[in-house]
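Below is one structure, written out as structure tokens; the observations come after it.
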Amino acid sequence: MMTLRRHGFTRRAGFLLLAMICLMPILPLAAQRAVHAETIGGVNRVYTDKARYAPGSAVQIKAELTNHGSSGWTGTAHLAISHLETSTYTASQSVTVAAGATVTVTFNWTAPSTDFQGYFVKIDCGTFGSGTTAIDVSSDFTRYPRYGYLSEFPTTETSSQSQAKVNRLAEDYHLNALQYYDWMWRHDTLFKRTGGTVDSTWQDLFNRTISWSTIQNQIAATHNQNMAAMAYAMVYAAREGYDAHGISPQWGIYADTAHASQLNVDFGDGSTYLWMFDPANASWQSYIQNQYKDAINTAGFDGIHVDQMGQRDNVHTYSGASIDLSARFVPFLNAAKTALTANNSAKNKLAFNIVDGTVGGWAANDVSANANTDFNYSEIWYKSNSYNQLKNYIDSLRANSGGKAVVLAAYMDYGENIGPRYEAESASKTGVTTNTNHAGYTGTGFVDGFDAVGDSVTFTVTAPEDGHYSLVFAYGNDTGSMATRNLYVDGTLVKDIGFYDQGSWDTWKSDAWLQVDLTAGTHTIKVAYDSGNTGAINLDSLTLGTFDDASVRLADAMMAASGATHIELGDDNQMLPHEYYPNRSKSMRNSLIGAMKDHYSFITAYENLLFDSNVVTNDSGNQFVSIAGQTVSGDGTGNTIWTIDKRTPDYDIVHLLNLKGNDDQWRNSATAPSTLTNLATKLYLSPDETVGHVYVASPDKDGGMTSELSFTTGSDASGSYISFTVPSLQYWDMIYVKRTFTAPSGNQYEAEAAVKTGVTVNTNHTGYSGSGFVDGFSGGSGKGVSFLVQATTDDDYSLRFRYANGGSAAARDVYVDGAAAGTVQFPATANWDTWADGELTVHLKPGLHSVVIWEGASSPGAINLDRLNVDKTYVWQFDRQITSVPAGYRITFRNGEYGWLHWGTNGWTGTTDTPMPSNGSSDASHRYETSIGPFASGTTVNFTYLWDDNGNGVMETGTDRWEGTDFSIDID
């Protein structure tokens, strides 16, 4: 979302004038020294001719070699392509590069027929150098969306410049889809036409001139790279004067019941508004869907990126009916998908912005679970601030949507004025003075008296390299209106910039900026009050606004390791600092540009271990990994090595993120972590796993290439493990372990053989299975047993924990694949030698799953734990009554009241009363459960319920209430 409602205003409205004044085209881009992913020696860059390839299509891989020496070089260029650890293709060719010359070597490869695969590519020229890149073989970009953006469509851009801009995004970052941001004329009428013909230009919301030919050129360039072009549009917004475009106020949403106050975004200039309409209104849907189809049919876009403006409560239709706006997006989106598909099934992609995402946040669960979008997209504001909150949100989106891809719009270093700073009081000054009478300035003071023609402040700055530089001015203004000043670079007038009224001279802002191109070296930046400028300001400083490398690299690593990609790169090597995409108040330095190229090659090459739908999250505890001499966390605690554990059917995956020296917040600037070396690591595994190989890969070293690690096996009080040494950890290492899994007989998993945390093993009570049981499972939080179990089919499963409890009633929390699944009750047994089952029913997809039983702060009592049985089950509920079950399945009964299941078989033979304890569910209708079975084919199960209405936990057939209906289930 490019707008945010906070404190009664929208962020977008707050920078209308800034957009008009500062967002003019920057100076022509100076030639820059190329920085490419992992280049060594004379190999400048390695890249491919497309961003994405269909299975079986032709692939070109190119290496650009430059000879910096004084004599010619002749040698061999070796190409190696691999999928994960497996070599896929090799080739070589002889190359001669004359002294001072540049040669491009081209290899041709036919992509394999297997769809949705990532490949690592290396071209090695021996002592001359090497370079790496990646290849994505996928028939559809939405499986692994690497989303970027285009937001500038100037009349001066040629078709070749458009192609060069898009090529850079594809070749350097493997972006496979671009969001075309604010390309349209109006939010309700996307194209400006005269006499039915699209105009050559139009003015957008912020009075920028948009060129229709440039849009067309950029879309053509996007398609040439096999990238998707997604048209930005709104779900419910229309500009002022919308009635002239055939839109009725009766379609709107209102803050009152008398339709006197239509919801809107006021952009502060007295004339520019976005008015809001009901997404569920059929007339509005028809109108705006026709605009979406027009974008597809007229411009050739491949789909629509639908935006919204965030949470709006207490809203009404025109007729005064109160509505839940969050529940009206799914019907709109599903109708839009249907309309787009009917219009052109090849160009029907749809994305929707879930604003301010957090687990269970506004509209998040409904949209991710029920909307027919092609991937999850969410803009992150202030409800998921910590690394772990964001990871949990990613987990929830993927889980709700059945593994659908996740893209996050998350603006790094947001609002921070970071980069080399130059104080105004130390600059060269003409006609101004310095002062200290307003608190909050930086340095030793600030410039004041900056209020008359002829006044100026000239900074002398040093640019460390050729490139874009964001000139950001910190200032104060309490004149009641915006002030303007002319900006000169090396004596040449660039343009004027604006300084907003802040309402107090004690309020300092750094939202006056302009991006320019500078060559490496010293430059002068002059801020001058010339004829035509207005207003008075206090000037505090000039900052060369710069993205912080460490924060971006850590956040991107966290997102990718958690299963999400990050929309952040676009236009001409620009990164997003702000929700308004043309904002360029920060620039990337070459070090970050290089790191981003390495990062995007890495996530492309290893997309199958990062983003596949069968990549399952493990538990978020720290019981699975220990590193000698290091503090490890499973939840992104600051100043730790954070382990994010995942698995696929063939691999265990452990991501190591180096948070040493940093806090747990992803958005703010960070400290570059020190590289850690020779990390002696233990990875605790299920006893049912057999490890064949251990591999490590990192975007921070060797161009992302996989290397194999030697390992040993062992066991200790915590369980079975493999041990290996990680050579180095800078920001992010991915360890992937090739293994097989053999489920135990009868799906019975022994607790004493599982991964144990804070508990011990004993044999001092009879009746256990296996070689012993877990005891010491009491006395406080932080104790648990972690199982790895196999589900053979997509089914409900009863998790039955065999236990003994010779004391008072106990309870334990259960987590499946890191998500809370419920609570298991363990009533007291006759003594510690008497064993019973506590149980919980969960739904599992085919594959391996972690099941962790944990003693938390609210988990009372003591138990001994013998084993876990995992059995398929059918669930009977009052709102889902079943009449038959396959033989061999258990039957789980759930309801909303405590009581007893009264049951028998074949005409009530062997009647039994089974209590139905609480499962810890937040759903009051399904809070109590038990299971019985399995039963042989031909059996009929008869049952009813006795409800414990007085809540004393004692069956009293004369007092407690019978359900009054007898039910039966036939076993097939």
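Any value given below was found using the heavy atoms of this structure, including those in side chains, with hydrogens, waters and symmetry copies removed.
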Item checked: Donor-acceptor under 3.5 Å (Asn533 side chain, Asp530 main chain) -> yes
Next item on the list: Taking salt bridge (Lys or Arg N to Asp or Glu O under 4.0 Å) as the test, write out the residues that go with Asp204, two or more places apart.
Entry: Arg208
Note to self: Does Tyr422 form a side-chain contact (heavy atoms from CB on, under 4.5 Å) with Val457? I'd like the steps, not just the answer.
What the structure shows: CA-CA 11 Å; Tyr422 298 86; Val457 178; over 6 Å; no
Next item on the list: Please tell me if the side chains of His174 and Thr133 come closer than 4.5 Å, counting only heavy atoms from C-beta onward.
Entry: yes
Next item on the list: May I ask you to decide if Thr158's main-chain N or O and Ser162's side chain share a donor-acceptor pair within less than 3.5 Å?
Entry: yes
Next item on the list: Please report the C-alpha distance between Tyr469 and His523 in whole Å, then the side-chain angles of each, then the deciding distance to 0.1 Å, and finally whether the ring pair (Phe, Tyr, Trp, His ring centres under 6.0 Å) criterion is met.
Entry: CA-CA 12 Å; Tyr469 286 84; His523 299 270; 7.9 Å; no
Next item on the list: Please tell me if the side chains of Trp508 and His438 come closer than 4.5 Å, counting only heavy atoms from C-beta onward.
Entry: yes
Note to self: Checking Asn538 against Trp505 for the side-chain contact (heavy atoms from CB on, under 4.5 Å) test, could you report, in this order, the C-alpha distance in whole Å, the side-chain angles of both residues, the deciding distance, and whether it holds?
What the structure shows: CA-CA 8 Å; Asn538 290 340; Trp505 287 110; 3.4 Å; yes
Distance-only donor-acceptor hits, side chain of residues 234-242, under 3.5 Å, sequence neighbours excluded:
unit_1: Tyr236; atom_1: OH; unit_2: Met309; atom_2: N; d: 2.9
unit_1: Glu240; atom_1: OE1; unit_2: Tyr273; atom_2: N; d: 2.9
unit_1: Tyr242; atom_1: OH; unit_2: Gln262; atom_2: OE1; d: 2.8

Checklist line | OG-CG distance between Ser601 and Asp172, expressed to the nearest 0.5 angstrom | finding: 8.5 Å
Checklist line | Donor-acceptor pair, side chain of Arg584 and main chain of Trp513, under 3.5 angstrom | finding: no
Notebook entry, point to check: Measuring from Leu178:CG to Gln218:CD, what's the distance to the nearest 0.5 Å?
Noted result: 9.0 Å
Note to self: As a quick check of understanding, evaluate side-chain contact (heavy atoms from CB on, under 4.5 Å) for His468 and Asp572, giving each step before the final call.
What the structure shows: CA-CA 10 Å; His468 296 322; Asp572 49 349; 3.7 Å; yes
Notebook entry, point to check: Is there a side-chain contact between Met559 and Ile380, using heavy atoms and a 4.5 Å cut-off?
Noted result: no
Next item on the list: Scan side-chain atoms only and decide if Asp501 and Ser481 contain a donor-acceptor pair under the 3.5 Å cut-off.
Entry: no
Next item on the list: Anything under 30° is parallel, anything over 60° is perpendicular, the rest tilted; go ahead and classify Tyr377 against Tyr147.
Entry: perpendicular
Checklist line | Flag side-chain contact, heavy atom, 4.5 Å: Leu471 against Leu544 | finding: yes
Margin query: Determine whether Asp496 and Thr484 satisfy the following criterion, side chain to side chain donor-acceptor pair (under 3.5 Å), listing intermediate values before the conclusion.
Written below: CA-CA 6 Å; Asp496 63 347; Thr484 63; 4.8 Å; no
Checklist line | Reported CZ-to-OG1 distance for the pair Arg146 and Thr565, which is rounded to 0.5 angstrom | finding: 8.5 Å
Note to self: Rounded to the nearest 0.5 Å, what separates atom OG in Ser378 from atom CD1 in Ile567?
What the structure shows: 12.5 Å
Notebook entry, point to check: Can Tyr149 and Tyr181 be said to form a ring pair (Phe, Tyr, Trp, His ring centres under 6.0 Å), step by step?
Noted result: CA-CA 7 Å; Tyr149 71 94; Tyr181 174 86; 7.9 Å; no
Next item on the list: Let me see the working for Tyr581 and Asp182 under side chain to side chain donor-acceptor pair (under 3.5 Å), right down to the final yes or no.
Entry: CA-CA 9 Å; Tyr581 284 12; Asp182 270 12; over 6 Å; no
Next item on the list: Take His245 and Trp185 through the ring pair (Phe, Tyr, Trp, His ring centres under 6.0 Å) test and state the conclusion after the steps.
Entry: CA-CA 13 Å; His245 295 262; Trp185 176 41; 5.7 Å; yes
Note to self: Using modelled atom types and a 3.5 Å cut-off, is there a donor and acceptor pairing between side-chain atoms of Asp540 and backbone atoms of Phe446?
What the structure shows: no
Margin query: Determine whether Glu171 and Thr48 satisfy the following criterion, side chain to side chain donor-acceptor pair (under 3.5 Å), listing intermediate values before the conclusion.
Written below: CA-CA 6 Å; Glu171 293 171 1; Thr48 59; over 6 Å; no
Next item on the list: Can you see which heavy atom on Thr543 is nearest to which on Ile418, and at what distance?
Entry: CG2-O, 3.5 Å
Margin query: Does Gln225 form a side-chain contact (heavy atoms from CB on, under 4.5 Å) with Asn167? I'd like the steps, not just the answer.
Written below: CA-CA 7 Å; Gln225 276 287 350; Asn167 285 353; 3.0 Å; yes
Item checked: Contact check, side chains of Leu569 and Tyr600, non-hydrogen atoms, under 4.5 Å -> yes
Note to self: Counting C-beta onward and ignoring hydrogens, is there a side-chain heavy-atom pair between Tyr414 and His578 closer than 4.5 Å?
What the structure shows: yes
Notebook entry, point to check: Under 3.5 Å, side chain of Lys586 to main-chain N/O of Asp413, donor-acceptor pair present?
Noted result: yes
Notebook entry, point to check: Shortest non-hydrogen contact from Leu539 to Ala424?
Noted result: O-CB, 3.3 Å
Next item on the list: Keeping the roles fixed (side chain from Asp571, backbone from Ser151), state whether a donor-acceptor pair exists under 3.5 Å.
Entry: yes
Next item on the list: Would you confirm whether Asp548, through its side chain, and Asn668, through its main-chain N or O, come within 3.5 Å as a donor-acceptor pair?
Entry: no
Margin query: Just to verify, what does Glu157 make a salt bridge (Lys or Arg N to Asp or Glu O under 4.0 Å) with, not counting sequence neighbours?
Written below: Lys165
Next item on the list: Please step through ring pair (Phe, Tyr, Trp, His ring centres under 6.0 Å) for the pair Phe301 and Trp183, ending with a clear verdict.
Entry: CA-CA 12 Å; Phe301 285 112; Trp183 63 278; 5.0 Å; yes
Next item on the list: Rounded to the nearest 0.5 Å, what's the gap from CG on Asn207 to CG on Asp269? Could you check?
Entry: 8.0 Å
Check: Do the two ring centres, one from Phe499 and one from Tyr475, sit under 6.0 Å apart?
Finding: yes
Next item on the list: Please tell me if the side chains of Val552 and Met596 come closer than 4.5 Å, counting only heavy atoms from C-beta onward.
Entry: yes
Margin query: Measuring from atom OG1 of Thr546 to atom CE of Met575, what distance do you get when rounded to the nearest 0.5 angstrom?
Written below: 12.0 Å
Notebook entry, point to check: Checking Arg485 against Phe473: charged group under 6.0 Å from the ring centre and within 45 degrees of the axis?
Noted result: no
Check: What's the shortest heavy-atom distance between Lys429 and Val447, and which atoms?
Finding: CD-CG2, 3.7 Å
Notebook entry, point to check: Which class fits the ring pair Phe153 and Tyr180: parallel under 30°, tilted 30 to 60°, perpendicular over 60°?
Noted result: parallel
Check: In terms of heavy-atom contacts, does NZ of Lys509 have more than 12 from other residues, nucleotides or ligands at under 6.0 Å?
Finding: no
Next item on the list: Compare every heavy atom of Asn477 with every heavy atom of Ala536, then report the nearest pair and how far apart it is.
Entry: O-OD1, 3.5 Å
Next item on the list: Let me know which of Thr442, Thr444, Thr434 forms a side-chain hydrogen bond (donor to acceptor under 3.5 Å, both in side chains) with Glu425.
Entry: Thr444
Next item on the list: Using a 4.5 Å cut-off on heavy atoms from C-beta on, say whether the side chain of Leu190 contacts that of Asp294.
Entry: no
Note to self: Has Gln179 got a side-chain atom pairing as donor or acceptor with His305's backbone, closer than 3.5 angstrom?
What the structure shows: no
Next item on the list: Check Ile304 against Met230 and note the closest heavy-atom contact, atom names and distance.
Entry: O-CE, 3.6 Å
Item checked: Centroid separation Tyr411 to Trp381 less than 6.0 Å -> yes
Item checked: Shortest non-hydrogen contact between Ser587 and Ser470, atoms and distance -> OG-OG, 2.7 Å
